[in-house]
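A quick write-up on the structure given underneath.
All values reported here derive from a predicted model rather than from experimental measurement. Read the numbers this way: they start at 1 and go in the same order the structure lists the ligands and their atoms.
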Amino acid sequence: MKALLLENIHPAAVEYLEGRGYDVDLRAGSMSEDELVAALPGVQLLGIRSNTNVTARVLDAAPDLLAVGCFCIGTNQVDLTAAAERGIGVFNAPYSNTRSVVELVIAEIIALARRLPEKTQRMHDGIWDKSAKGSHEVRGRTLGIVGYGNIGTQLSTVAEAMGMNVVFYDTADRPAHGTARRLRSLDALLAESDVVSLHVDGRPGNAGFFGAAEFAKMKPRAMFINASRGMVVDYDALRENVLSGHIAGAAVDVFPAEPKKQGDPFDSVLRGLDNVILTPHIGGSTQEAQEEIGGFVAEKLARFALEGSTALSVNLPEVQPGELTPGHRIGFLHHNVAGVLAELNAAFADAGDNVVAQHLSTRDRLGYVVTDASEPLTTEAVETLRRSEHCVWVRTW
Ligand SMILES: NC(=O)c1ccc[n+]([C@@H]2O[C@H](COP(=O)([O-])OP(=O)(O)OC[C@H]3O[C@@H](n4cnc5c(N)ncnc54)[C@H](O)[C@@H]3O)[C@@H](O)[C@H]2O)c1
């Protein structure tokens with residue numbers, strides 16, 4: 001069993017996969033389409049980050065590939081539909097860097113409240129500017145969190161521990177953590193908050209979600225943070241509000257168009273503004289998050305390949321079977337059409353295999369069912385399913 005890991009994936013992934021019996025080839029760089037086509041025969045698991053594109057052509061040239069692990073958050077670099085059609089599972093790590101984003105935002109709240117960007121710049125310019133003017137403690141101030149999901153809720157807990165009052169607004173029904181207060185409208189949140197921090201997701205409807213009208217509704221001298229998605233905010237409007245003094249400070253980690261490579265030039269209307277922190281999309285970029293991602297995705301890949309679990313797959317129906325009794329499990333990925341489950345169970349009955357557990361899930365054009373039999377599987381049922389016109393693959397564990 002062979003795993004090819006590209007783009008300097010954390011050693012935690014290597015350790016995990018080797019522990020599950022894989023021969024791991026770890027490379028520092030990414031691979032081009034042609035390089036992948038040449039490298040993938042004989043490889044069951046491929047690990048990438050954001051700089052490797054896995055196209056339909058690559059997948060066609062990878063007869064042994066079972067799964068692709070994106071050791072990052074995004075999965076746009078993989079042709080997910082082409083992978084699903086070929087029965088290749090794709091996995092990522094949607095939550096592993098949550099804490100890192102929260103800690104950056106906490107640091108920014110304090111830095112902006114104390115006007116650290118300006119203070120440190122003046123020191124570097126050789127000017128001693130000791131003054132309390134415009135500097136505040138964050139204790140007792142109100143943080144307004146927009147988008148109370150994985151990141152928003154953890155930020156809520158940590159900010160509260162610093163003595164901040166937390167209010168939040170989310171379009172979905174989210175329970176409050178600690179003493180945070182849920183507000184029923186964005187306007188209510190903007191009217192109350194000394195700091196507004198955006199943590200909404202990247203759904204298309206959120207493009208341009210926060211603009212001139214929303215900044216106008218914020219409290220005078222409030223602060224603004226965006227570490228969610230660049231396209232969510234109108235940065236021209238933010239610039240005007242910082243220049244007018246209505247917004248006292250801002251921290252921005254994400255931009256509508258971000259440079260592709262290390263060292264590429266960066267430009268933004270926010271460059272050069274006082275008390276504005278600009279960071280190159282590093283909210284989730286810490287050693288701890290990388291390690292967490294390494295272990296998380298490696299486990300998902302191995303559990304798919306060795307036990308049939310598709311838990312948290314981004315392109316296959318999600319099935320999380322129980323503990324494996326070797327020799328008793330069969331996984332059947334099939335076209336999502338009526339009657340397949342009856343066909344499957346008839347194959348078991350005809351072969352005299354007694355079913356003890358069965359998990360089915362469907363997603364778009366695919367269905368996936370994992371069945372555990374009471375006795376070791378006979379080859380008969382397996383072969384019957386393999387011959388089905390609706391079969392994408394049959395695997396046994
Ligand atoms: N800066 C970074 O490095 C970095 C790292 C990780 C995640 N992120 C981004 O942070 C954001 C939040 O991540 P998460 O894991 O907490 O996501 P999540 O899906 O868990 O939470 C998003 C929340 O926003 C809510 N929401 C969506 N649109 C809304 C709207 N218009 N108004 C109010 N609420 C709305 C959703 O209902 C959900 O509760 C995402 O956009 C993600 O891409 C950035």
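Contacts between Val101 and ligand 1, counted as non-hydrogen atom pairs separated by less than 4.0 Å, involve the side chain only. With a 4.0 Å heavy-atom cut-off, ligand 1 is reached by the side chain of Asp253 but not by its N, CA, C or O. Within the 4.0 Å heavy-atom criterion, neither part of Tyr95 lies near ligand 1. Contacts with ligand 1 closer than 4.0 Å are made by no heavy atom of Ile73, backbone or side chain.
Remark: minimum distance from atom 9 (C) of ligand 1 to any protein heavy atom is reached at Ser228 O, 3.5 Å. Distance from atom 7 (C) of ligand 1 to its nearest protein heavy atom, with residue and atom name: Ile151 CD1, 3.6 Å. With hydrogens left out, the protein atom closest to atom 40 (C) of ligand 1 is Val200 O, 3.3 Å, a heavy atom. In this structure, atom 15 (O) of ligand 1 lies nearest to the protein heavy atom Asn150 ND2, 3.4 Å. The protein atom (non-hydrogen) at minimum distance from atom 6 (C) of ligand 1 is Asn97 OD1, 3.5 Å. Given atom 28 (N) of ligand 1, the protein heavy atom at minimum distance is Asn206 ND2, 2.9 Å. Residue, atom and distance of the protein heavy atom nearest to atom 21 (O) of ligand 1 are Gly149 CA, 3.3 Å. Closest protein heavy atom to atom 26 (N) of ligand 1: Thr171 OG1, 3.7 Å.
For His359 and Ser361, the side-chain atoms include no donor-acceptor pair closer than 3.5 Å. Counting only N and O atoms by type, the side chains of Glu35 and Ser32 include a donor and acceptor under 3.5 Å apart.
In this structure the side chain of Pro280 never reaches within 4.5 angstrom of the side chain of Phe266, judged on heavy atoms.
The atoms of ligand 1 that sit less than 4.0 Å from any heavy atom of Tyr169 are 32 (N), 33 (C). Residue contact check: Arg203 has heavy atoms under 4.0 Å from atoms 27 (C), 28 (N), 36 (C), 37 (O) of ligand 1. Residue His281 has at least one heavy-atom neighbour below 4.0 Å for each of these atoms of ligand 1: 1 (N), 2 (C), 3 (O).
Taking only non-hydrogen atoms, the option from Ile145, Asp170, Val146, Leu155 nearest to atom 38 (C) of ligand 1 is Asp170.
The pair Arg20-Glu15 fails the salt-bridge criterion, with no side-chain N (NZ, NE, NH1 or NH2) lying under 4.0 Å from an Asp/Glu carboxylate O. One finds a salt bridge joining Glu192 and Arg181 here, because a Lys/Arg side-chain nitrogen approaches an Asp/Glu carboxylate oxygen to under 4.0 Å.
Applying the salt bridge (charged side-chain N to carboxylate O under 4.0 Å, His left out) rule to Glu383 yields the partners Arg386; only residues at least two apart in sequence or on another chain are considered.
In this structure, Glu7 contributes its side chain and Arg49 its backbone to a donor-acceptor pair below 3.5 Å.
Between Gly152 and ligand 1, no pair of N/O atoms sits closer than 3.5 Å. Between Ala227 and ligand 1, a contact under 3.5 Å exists for at least one N or O pair.
Using cut-offs of 30° and 60° for the angle between ring planes, the Phe224 and Phe215 rings count as perpendicular. Taking the six-membered ring where tryptophan is involved, the planes of Phe91 and Phe304 are tilted, since the angle between them lies from 30° to 60°.
If you run salt bridge (Lys or Arg N to Asp or Glu O under 4.0 Å) between Asp194 and each of Arg221, Lys219, Arg139, only Lys219 comes through.
Annotation: side-chain hydrogen bond (donor to acceptor under 3.5 Å, both in side chains) contacts involving residues 77-90, sequence neighbours excluded, comprise Asp60-Arg86, Glu85-Arg365.
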